[in-house]
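Small disclaimer: the values here were computed from a predicted structure and weren't measured.
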Amino acid sequence: MKRREFLNILIAEVSNFLLEGNPLRLVISLHQESDGAHLSFFDDKKRDEGELMKIRNALNPRHSRPELAGYYGLMAGHDTSWSARLKLIGWQIKRATVSNTDSGIQIDIWLGSDAFNPADFTIDKEKK
Amino acid sequence: MRSEPEETKRYILLASFLLIVILIGLFTDGIKETFTSFMTIQTISGRLIQDFTTISIGGALLNAAIVAIIGMALVFFSSVTLAGPTIAAIFTMFGFGLFGKTALNISFIILGVFIASKIANKSFGAYSLIALFGTALGPVVTYVMFDLHLPLLVSIPSAILSGIVIGVILPSIAGVMLSLHQGYNLYNIGFSCGFMGLFISSFFHASRQMSPITITWNSEVHWQLHIIIPLISIMSILFGFITSKQSIIKSIKEVKGLQSLVGRLPTDFFDLVESETPFINMGVLGLLSYGYVNVVGGNINGPMIAGIATVMGFGSFGKSVKNSYPLVVGVILATLLFGKSLNAPGPMLAALFSTTLAPIAGQFGPIIGIIAGMIHLIVVESSAAWHGGFDLYNNGFAGGLSATLVISIIHWYQSNKKDEDFNNET
């Protein structure tokens, strides 16, 4: 239940963010293991480097903030009719990468327990 | 347990504040009287409004400092960052240590939140803010322990149990309350504690154990209390400038930049700047709040210092001059509209604590902020009676209700705009 709820709020918040760009296509892909999961989001809206950097910074905070993740992180994914706040999930995930593809943006997010093993996933070695 | 270099400096600053406060207390009343009155304060229920400075300045200041030190220790040992939210919590705890929180009555709630973190299989750090702010329901513990006039063999275990139960339940409520106002009420735990307080108060009413709310308010002038806020405000400003290691102009520009932020939960100002300039914002808010209280002829006593210290604390976690002033204007207008006195306890406290709604003014502008401030005063004047005065953050409770109302209406209006829907025309 905890894992399902977490995936739900995460998918809702990132989808909300991507839908703000009013894309014509949006694809969400999930790969789960027992100790973690990998979510990929693709849309058809390309972003410039400044926008990509903002998204990266929101999803990869400089410091671990358990006090913010465990409490204010509960707001993530609940109100999907207003502007998305990616930082609410940035504190709760293991890692995120953001890049432009041929057609639009690709956001990869890895999440998991303390036993999370990056080797089980297609996470870039230099980005771990 | 962790402490990076900039955090170490922050710990030193906060410890200096508290040391000065303790010394002022000891200087005022002497060691013996300070400790005797400190012990007396532990036996007071502390329901709204019991100004501990009426018992003794020294005892009240010592209690406030110890309550804040407990907060600092919790932050340090739970491995969370001493930054915006935790500094806000420690300032708030210090303030309410002058009217309601005691070293005794906060401990069991913190223990309860710790147990809740174990039940939820989370680190205590994840629940640390709930533990810090959740001490707002401390008066329940002392009320059960001393005001029900039960034999101590019954009252002490009952009080400990009630504190632990509150702490265990609080995290489940706090998250739900956040989603009601979506982070537009900065004192969310106050909202959550008020919600719990409705049930606690109802229980005491049902068991005919509810005594009426009384107000103890220190209206005498004490220079020892008067110097505290200007002193810590100026220290904050100097600390902000000196430790930022950049030009004064750049620091001022950064503080100006903070004024443009919405401040919606969770906006940690220390995350948005590379320096310690949020302390300058805190100091400026402290001086302005102190100035307001004096201009309208209010008393500088325990509750007022609590109000100003809370405003200062949240000066690093959502509040700026720009997003706070509309709320104060709203409270002033509503106070005058309803023929109340601006320096009466209720409107004075409301003017300071209404800034819990600062993100509303920050997001939707000063007019909506003023309206929110007016609504806040109307609600807060009644809401203490609803929870029997057990929730020390009564303004957080009223602010949560006001924010939920305002945000719901704005949300409904914005969500139903025509351009938000699929096009019906072919």
Side-chain angles (χ1 to χ4, degrees), chain A residues 1-6 8-10 12-13 16-17 19-24 26 34-36 53-54 56-94 111-116, chain B residues 2 4 7 74-75 78-86 89 113 117 120-134 170-172 174-184 188-189 192 262 264-268 270-272 274 317 363 407 410-412 414-417 420:
Chain A
M1 184 63 187
K2 198 174 173 182
R3 178 195 300 201
R4 199 179 78 192
E5 187 182 358
F6 187 29
N8 257 324
I9 63 165
L10 217 143
E13 197 66 43
N16 184 31
F17 171 75
L19 288 168
E20 282 172 18
N22 204 19
L24 298 177
L26 171 63
S34 60
D35 61 342
M53 188 53 74
K54 272 188 186 170
R56 275 186 208 116
N57 289 343
L59 290 173
N60 297 292
R62 284 180 297 173
H63 303 292
S64 154
R65 301 296 296 270
E67 78 279 21
L68 301 179
Y71 173 33
Y72 298 114
L74 295 169
M75 278 191 284
H78 279 289
D79 190 342
T80 50
S81 51
W82 281 7
S83 295
R85 298 197 293 164
L86 293 178
K87 70 175 182 180
L88 292 177
I89 59 172
W91 294 310
Q92 304 184 62
I93 60 177
K94 295 286 179 193
L111 53 143
S113 66
D114 291 340
F116 176 75
Chain B
R2 62 176 253 186
E4 291 173 4
E7 273 188 77
L74 191 156
V75 171
S78 59
S79 298
V80 292
T81 312
L82 184 66
T86 40
V113 178
S117 72
N121 202 21
K122 293 188 178 224
S123 69
F124 185 47
Y127 280 178
S128 55
L129 292 174
I130 299 173
L132 292 165
F133 286 117
L170 207 46
S172 58
V176 175
M177 292 291 155
L178 265 178
S179 59
L180 284 180
H181 56 76
Q182 282 299 307
Y184 285 97
N188 180 64
I189 298 289
S192 312
V262 169
R264 186 179 171 193
L265 287 174
T267 308
D268 184 348
F270 286 101
D271 267 356
L272 304 173
E274 294 289 337
F317 191 50
Q363 180 87 61
I407 293 303
I410 295 172
H411 195 179
W412 171 82
Q414 290 192 342
S415 300
N416 287 289
K417 281 182 181 170
E420 294 288 318

Separation between [atom1] of [X] and [atom2] of [Y], rounded to the nearest 0.5 Å:
| X | Y | atom1 | atom2 | answer |
| --- | --- | --- | --- | --- |
| A:Met75 | B:Leu178 | CE | CG | 5.0 Å |
| A:Arg65 | B:Thr86 | CZ | OG1 | 7.0 Å |
| A:Arg85 | B:Gln182 | CZ | CD | 7.0 Å |
| A:His63 | B:Glu7 | NE2 | CD | 8.5 Å |

Answer whether the closest heavy-atom distance between the side chains of A:Tyr72 and B:Asp268 falls below 4.5 Å. no
Please report the shortest heavy-atom distance between [X] and [Y], naming the atom on each side.
| X | Y | value |
| --- | --- | --- |
| B:Lys122 | A:Gly70 | NZ-O, 4.3 Å |
| A:Pro66 | B:Val80 | CG-CG1, 4.0 Å |
| B:Pro85 | A:Leu68 | CG-CD2, 3.7 Å |

In terms of heavy-atom pairs under 4.5 Å, which option from B:Leu265, B:Asp271, B:Ile130, B:Asn188 contacts chain A the most? B:Leu265
Name the region of B:Leu180, side chain, backbone, both or neither, that has any atom closer than 4.5 Å to a heavy atom of chain A. neither
Which atoms of B:Ile407 come close to chain A, meaning under 4.5 Å heavy atom to heavy atom: side chain ones, backbone ones, both, or neither?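 Interface part for B:Ile407: both.
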Is a side-chain N or O of A:Lys87 found less than 3.5 angstrom from the main chain of B:Pro266, in a donor-acceptor match? yes
Should we count CD of B:Glu274 as having more than 12 external heavy atoms under 6.0 Å? no
